[in-house]
Amino acid sequence: MLSMQVPSQVEYERATSVEHALSLLTRPETRILAGGHSLIPMMKLRLAQPEVLVDINGLTELAYIRLDDGQLRIGALARHADLLDSAVAGQLYPILHDAERVVADPIVRLWGTVGGSLCQADPSEDLSAVFAATRAIAVIRGLGGNRMIPVREFHLGPYETVIGPGELLAEVRIPVQPGTGSAYEKVSRRVGDWSIAAAGAVLRLDQNQKIASAGIGLTAVGAEHFVAAQAEDFLLGRAADEESFAAAGAIAAEGCHPVVDQRGPEDYKRHLVAELTTRALRRAALRVTLEA
Ligand SMILES: Cc1cc2nc3c(=O)[nH]c(=O)nc-3n(C[C@H](O)[C@H](O)[C@H](O)COP(=O)(O)OP(=O)(O)OC[C@H]3O[C@@H](n4cnc5c(N)ncnc54)[C@H](O)[C@@H]3O)c2cc1C
């Protein structure tokens, strides 16, 4: 017998401004529709059953990527493809381009949004680890104004964020600092697939080539808030060399909590974390002078 998966009945509203969207979002059981690449499949499977969809695709005021006041500002409605095309993003934070090259496929990247990626809070979402590594700030807007939340505090768990009723994610801000290098390394089963594991690194070096700050984000391996915090602490003040990077990779592998699934056993995933963290740190360090 042929069976179809269809969403349950839902009311559709097209927001004409951010304020309009926010006023619609005060209604119960209301969800934002951005790219729809995650929400619509979840609705078809009845894993999500909103009563009202608020389509924000017309809100071009949320679709931008620009350098402003020492921060890279990315509007929530910027598409993955926009981020991959953005010269300023790639120049300041190559980790963004590294990651966007391996997020899904070109069709998904044309429609899926930066905001949707973060708000979906899927443990395998690449940008969550990237923004954690860069210590980005999420700008959450409600009718009362904005509140700023570090991305490292944005996710409460799988598929759960700090965004409350009547709020939306408006922007992601990444502080720009000279002497910074960054990179992202991912392994998946085939091109365009979700990560088996991935690691992102952001390094800032002082004048003696010692590590002044380190950000390490991990994807799909159960790292708390997508961060390898102990590995970051270990690196502070150390030489930016192979020995430090390999040791940090081992600490990152030890500190995460990968689950066994169709993508592989736990020891394989830990091995990937060690190797990918080391590679990301190595490449981030090589890029420091280019970006300074
Ligand atoms: C085949 C396929 C392969 C994929 N592979 C990858 C991959 O390899 N790596 C990866 O990282 N991702 C992958 N994705 C995910 C994809 O890249 C999108 O990022 C993701 O689907 C969410 O973005 P969206 O704009 O489609 O969000 P939507 O599906 O529209 O929304 C997702 C959730 O976020 C909420 N939301 C959206 N925007 C906002 C906002 N501004 N404020 C508050 N809440 C909001 C929605 O209400 C919903 O709950 C894949 C998706 C598909 C379909």
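Just so you know, these numbers come straight off a predicted model, no measurement behind them. As the structure lists them, so they are numbered: ligands from 1, and atoms in each ligand from 1.
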Please determine whether residues [X] and [Y] belong to a single hydrophobic cluster, defined as Ile, Leu, Val, Met, Phe, Trp and Tyr linked transitively by side-chain heavy-atom distances below 4.5 Å.
| X | Y | result |
| --- | --- | --- |
| V52 | V10 | no |
| L272 | L281 | no |
| I56 | L169 | no |
| Y159 | V162 | no |

Using a 4.0 Å cutoff against the non-hydrogen atoms of [X], which atoms of ligand 1 qualify?
| X | answer |
| --- | --- |
| D193 | 8 (O) |
| A76 | 41 (N) |
| G112 | 25 (O), 26 (O) |
| H80 | 16 (C), 17 (O), 18 (C), 19 (O) |
| S38 | 20 (C), 21 (O), 22 (C), 26 (O), 29 (O) |
| D126 | 7 (C), 8 (O), 9 (N), 10 (C), 11 (O) |

> Out of curiosity, is L77 lining ligand 1, as in a heavy atom under 4.0 Å away?
Replying inline: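 It does not, in that no heavy atom of L77 comes within the 4.0 Å cut-off of ligand 1.
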> Using a heavy-atom cut-off of under 4.0 Å, does the side chain or the backbone of K186 touch ligand 1, or both, or neither?
Replying inline: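 The part of K186 near ligand 1 is the side chain, not the backbone.
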> How does L168 reach ligand 1, if at all, at less than 4.0 Å between non-hydrogen atoms: by side chain, backbone, both, or neither?
Replying inline: both
>> Suppose we measure from atom 41 (N) of ligand 1 to each protein heavy atom; which comes out shortest, and what is that distance?
In response: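 Result for atom 41 (N) of ligand 1: L169 O, 3.0 Å.
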>> Among all the protein's non-hydrogen atoms, which is closest to atom 1 (C) of ligand 1, and how far away is it?
In response: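 So the nearest neighbour among protein heavy atoms is V108 CG2, 4.1 Å.
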Grab the two heavy atoms, one from [X] and one from [Y], that are nearest each other, plus how far apart they are.
| X | Y | result |
| --- | --- | --- |
| R101 | L84 | CG-CD1, 3.8 Å |
| A284 | A201 | CB-O, 3.9 Å |
| D193 | R263 | OD1-NH2, 3.2 Å |

Does [Y] offer a backbone N or O that forms a donor-acceptor pair with the side chain of [X] under 3.5 Å?
| X | Y | result |
| --- | --- | --- |
| N57 | A34 | yes |
| E167 | G142 | no |
| K269 | V259 | yes |

Any N or O of [X] that comes nearer than 3.5 Å to an N or O of ligand 1?
| X | value |
| --- | --- |
| I32 | yes |
| I56 | no |
| A104 | yes |
| I163 | no |
| G115 | no |
| S195 | no |
| L39 | yes |
| W111 | no |
| E125 | yes |
| G36 | yes |

> Any side-chain donor-acceptor pair under 3.5 Å between Y64 and E171?
Replying inline: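 Yes, because at least one side-chain N or O of Y64 sits under 3.5 Å from a partner of the opposite role on E171.
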>> I'd like the name of whichever of G116, C119, A220 reaches closest to atom 43 (C) of ligand 1 through any heavy atom.
In response: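 Answer by nearest heavy atom: C119.
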>> Between R79 and D85, does any NZ, NE, NH1 or NH2 come within less than 4.0 Å of an OD or OE carboxylate oxygen?
In response: no
>> Check this for me, if you would: do R141 and E61 make a salt bridge, where the nitrogen-to-carboxylate-oxygen distance has to be below 4.0 angstrom?
In response: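 So R141 does not pair with E61 through a salt bridge.
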